[in-house]
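For reference, the structure is listed below as structure tokens.
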Amino acid sequence: MNDDLQKRITEAMANPQNMGEIADADAVGTVGNAGCGDMLRVWVKYKEERGKKVIDRASFQAFGCETAIATASLAMELIRGKTPEEALALSGQELAADLGPLPPTKVHCTSLVENAIRSALAREPEEPKAVAPTPLASSATNLIDSFTKPAQKPGGVRVVLLDKGK
Ligand code: FES
């Protein structure tokens, strides 16, 4: 990793944005990379704006490398105010654009963030969510708890393992 990239990542890591759970999230997605063992969870809260559903807030927790955390920090800000379709159109490298060019060995870190966002946006409840917080939000306090506690009710937590190349 070159010095410029390390400096940009260090700056992003110094003040990461939007870390932690959104207790009343509308959608949650979790992905893991089987190759490096890193995991990322994303929470999304929507709002209505001018007749369109847009992302009001997004947050994350990570067992991940600095690049994944820095990318997630940037990405949560970047997708705010976007429709789900607009957010889905962003690639991992677009989400990490402010970090500058990444070496090939770090591209999968941005894919982890991209896929966690995709997983969350795909997990939107079919019915309007008047009640029923996700089992994750109600029973696990953080990402570590959700993996170390006994299995929750079926469908409560779904971890999507990515192919090693992603
Ligand atoms: Fe696995 Fe960065 S090394 S996500």
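What you see is a predicted model; the values in this text were computed from it and never measured. Each ligand, and each atom within it, is numbered from 1 in the order the structure gives.
Heavy-atom minimum distance, A62 versus L40: CB-CD1, 3.3 Å. Residues V31 and S119 come closest through the heavy atom pair CG1-CB, 4.0 Å. A pairwise comparison of heavy atoms in V113 and A75 identifies CG1-CB, 3.7 Å as the closest pair.
Look at H108 and atom 2 (Fe) of ligand 1: no N/O/S atom of the residue is under 2.8 Å from the metal. Here C36 meets the criterion, with an N, O or S atom under 2.8 Å of atom 1 (Fe) of ligand 1.
The C65 neighbourhood of ligand 1 comprises atoms 2 (Fe), 3 (S), 4 (S), with distances under 4.0 Å to a heavy atom of that residue.
The backbone N or O of K47 sits nowhere less than 3.5 Å from a side-chain atom of D56 that would complete a donor-acceptor pair.
Considering only non-hydrogen protein atoms, atom 4 (S) of ligand 1 sits nearest to D38 OD2, 3.1 Å.
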